[in-house]
There are 2 protein chains.
Amino acid sequence: MSKSNNVYKDAFNRGLRLLDETRSLPSEPELGTLLGVSRTTVRSILSRMEETGLIAWNKRNKTVLRAPKAEDFFPEEETDSLAEIIERSFMRRLLAGGAEAGMQINELELAREIGVGTTSVREFLIRFSRFGLIEKRRNSHWVLKGFTRAFALELTEIREMFELRSAAAFVALPQESAVWADLDRLEIEHRQLASEIATRFNEFSELDERFHRLIHRASHNRFIVDFYDVIAMIFHYHYQWNKAQERERNEVAVQEHLAYIAALKSRDPAKVDAACRKHLKSARQTLLSSIPEGRQVQPA
Amino acid sequence: MSKSNNVYKDAFNRGLRLLDETRSLPSEPELGTLLGVSRTTVRSILSRMEETGLIAWNKRNKTVLRAPKAEDFFPEEETDSLAEIIERSFMRRLLAGGAEAGMQINELELAREIGVGTTSVREFLIRFSRFGLIEKRRNSHWVLKGFTRAFALELTEIREMFELRSAAAFVALPQESAVWADLDRLEIEHRQLASEIATRFNEFSELDERFHRLIHRASHNRFIVDFYDVIAMIFHYHYQWNKAQERERNEVAVQEHLAYIAALKSRDPAKVDAACRKHLKSARQTLLSSIPEGRQVQPA
DNA sequence: AAAATGTTTTTTCACGATAAAAGACATTAT
DNA sequence: ATAATGTCTTTTATCGTGAAAAAACATTTT
């Protein structure tokens with residue numbers, strides 16, 4: 001098996017959802033941009049849709065014959081890219097098992113365990129190394145640095161520098177800038193979420209990421225924008241493993257975001273700075289409190 | 001050819017230089033740590049040294065028979081790792097030829113041109129992507145973002161944030177910290193270089209890197225420390241291609257460093273901040289002035 | 001002529017295989 | 001008993017290969 005066709009399968013599944021909405025599908029190039037794949041893949045998708053009786057396909061005519069059923073979809077797990085599979089496996093090991101700092105990482109073993117080639121694992125590790133959790137010994141193995149308190153502190157230090165600067169840049173943007181409309185939309189979403197927080201609290205992390213990315217983008221600095229990938233990754237896995245007080249935490253965070261948004265809209269740098277600092281401080285606390293390890297010195 | 005033995009060749013060359021200094025070589029493990037390679041490689045080296053009559057080797061006895069001659073060394077170009085070869089080729093193309101932003105990068109073409117496998121090129125590009133000069137399109141090619149004025153500004157913005165913070169952390173280090181001795185040593189090297197600047201000006205960039213890395217390390221933040229790799233890489237290639245006023249530039253920079261060092265030694269945060277800002281400002285100017293592109297708007 | 005479809009070529013992604021290098025284990029020397 | 005040497009095993013670095021996917025080119029349709 002030299003390359004899985006997950007791109008095709010994933011696009012096919014997404015393509016199925018389009019069938020509900022229309023009587024006939026658009027042109028191949030159009031479908032390509034819509035699904036984010038090449039025409040080659042679009043044609044494979046259309047072929048299968050024809051074969052399984054979903055559409056009648058004759059050149060430009062792609063008539064929808066029936067609505068897709070559950071069995072028309074490819075199974076979810078077949079639509080993931082290898083990189084995603086490796087990342088999940090790796091993070092599970094890292095967060096679940098004994099992920100002690102200093103432990104060495106074996107490419108071959110990882111590859112065998114996950115059931116993939118070594119090249120894919122190597123490439124994953126190289127990409128992953130920018131998160132600062134692993135490090136390569138020249139001509140030798142990788143070393144796990146560990147998801148430690150030190151790591152969290154270093155991460156949040158940079159985060160705070162970058163976000164304060166981005167927030168300051170944000171308020172300096174002209175009124176015509178599209179970000180203000182984006183911010184208004186996010187504010188509405190926040191208010192909706194706040195009013196239904198009891199049931200929808202688990203939707204917060206996605207909203208959180210979008211909100212912070214919007215702010216970081218105002219820096220117009222690729223290094224700042226890219227750094228948010230590190231934060232997002234950590235928070236993503238962190239929240240999957242630490243569900244303690246999730247509802248309460250998110251409830252607080254939503255309110256902080258609303259205050260932050262209000263400060264941004266006031267365009268008063270001092271208010272923004274204060275609201276931003278307040279939110280970042282509690283975000284830091286949340287992260288730190290989930291990392292045990294901070295062996296307190298016992299008072300004598 | 002599945003893997004070049006450049007590790008062996010490079011270590012062999014370095015091993016040859018040890019022969020000048022002693023009458024007999026130390027134990028295999030000791031040589032291993034000295035040369036930074038495994039015992040396996042050490043033994044290959046010793047074998048060859050024996051074969052070519054450089055040493056007599058019998059178990060623990062490794063007697064030096066003669067001094068190494070020029071022809072004993074492996075050619076320099078055979079000691080480079082593939083990654084170094086690829087990086088150089090890539091940077092040459094990027095800085096020399098038409099490196100227009102938006103241009104797409106072709107893995108296969110690059111691999112063919114350099115004469116290496118695609119895997120190595122892929123891995124290089126992934127590693128290189130953290131420098132912010134290229135970007136991957138999902139399931140598709142890489143895109144060159146270009147070494148533009150915008151890039152230089154974004155880079156220096158982060159550099160300045162990080163270095164100011166590191167310098168502030170530096171002065172807060174206790175007197176017992178080893179960094180103060182390191183700083184003293186660097187100061188001496190700076191003074192020596194300053195006094196012979198007319199002939200040794202090209203040695204500055206190496207000293208520059210060591211100095212700034214020392215300061216960044218005081219941040220105790222892996223993201224700050226790692227970011228210096230980006231700066232070092234850019235400056236490294238930048239200086240290879242822009243030799244205009246090299247002597248004058250370096251002369252100024254050495255003096256700025258000395259003032260900066262004096263400020264650090266004074267342990268006065270305000271002075272440090274001022275000296276740091278001054279130096280970073282001129283470093284930024286130097287970098288910016290070498291990037292043409294800043295198409296001036298012609299006065300009407 | 002512009003945009004779609006049909007066809008062919010090229011590139012990316014991922015694998016297994018192999019030599020270099022590291023590492024582990026067994027044996028011998030101080 | 002410790003530390004070296006000798007030997008064997010495992011892992012890393014790199015390549016060539018082939019299928020998936022993209023891209024380029026040619027042809028047809030509106």
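We name chains A, B, ... by the order of the sequence lines, and we start the count at 1 in each one. Keep in mind it's a predicted model, so treat the numbers as computed, not measured.
To the nearest angstrom, P of C/dA19 lies 13 Å from CG of B/N5.
Applying the 3.5 Å distance criterion, the base of D/dT12 shares a donor-acceptor pair with the side chain of B/K3. Side-chain N/O atoms of B/S2 and base N/O atoms of C/dT18 include a donor-acceptor pair closer than 3.5 Å.
Residues from residues 33-44 of chain B with heavy atoms under 4.0 angstrom of DNA chain C, sorted by number: B/V37, B/S38, B/R39, B/T40, B/T41.
Aromatic ring centres of A/F162 and B/F162: separated by under 6.0 Å. Residues A/F12 and A/F73 keep their aromatic ring centres 6.0 Å or farther apart.
For the OP1/OP2 pair of D/dT12 and a distance below 4.0 Å, the side-chain nitrogens and oxygens of A/H141 include no atom meeting the criterion.
Among the atoms of the strands shown, only primed sugar atoms or phosphate atoms (P, OP1, OP2) are found under 4.0 Å from some heavy atom of A/I105.
Mapping B/E107 and B/K9 onto DNA chain C by nearest heavy atom places B/E107 closer to the 5' end of the strand.
By the 4.0 Å N-to-carboxylate-O rule, A/D72 lies close enough to A/R66 to be salt-bridged with it. A salt bridge is absent between B/D226 and A/R130: the closest approach of a Lys/Arg side-chain nitrogen to an acidic carboxylate oxygen does not fall below 4.0 angstrom.
Remark: A/R159 is positioned above the aromatic ring of A/F235, its terminal NZ or CZ atom under 6.0 angstrom from the ring centre and at most 45 degrees off the axis.
A side-chain donor from one of A/E87 and A/Y237 sits under 3.5 Å from a side-chain acceptor of the other.
Each of C/dA3, D/dT12, D/dT5 was ranked by its minimum atom distance to the side chain of B/E28; first place goes to D/dT5.
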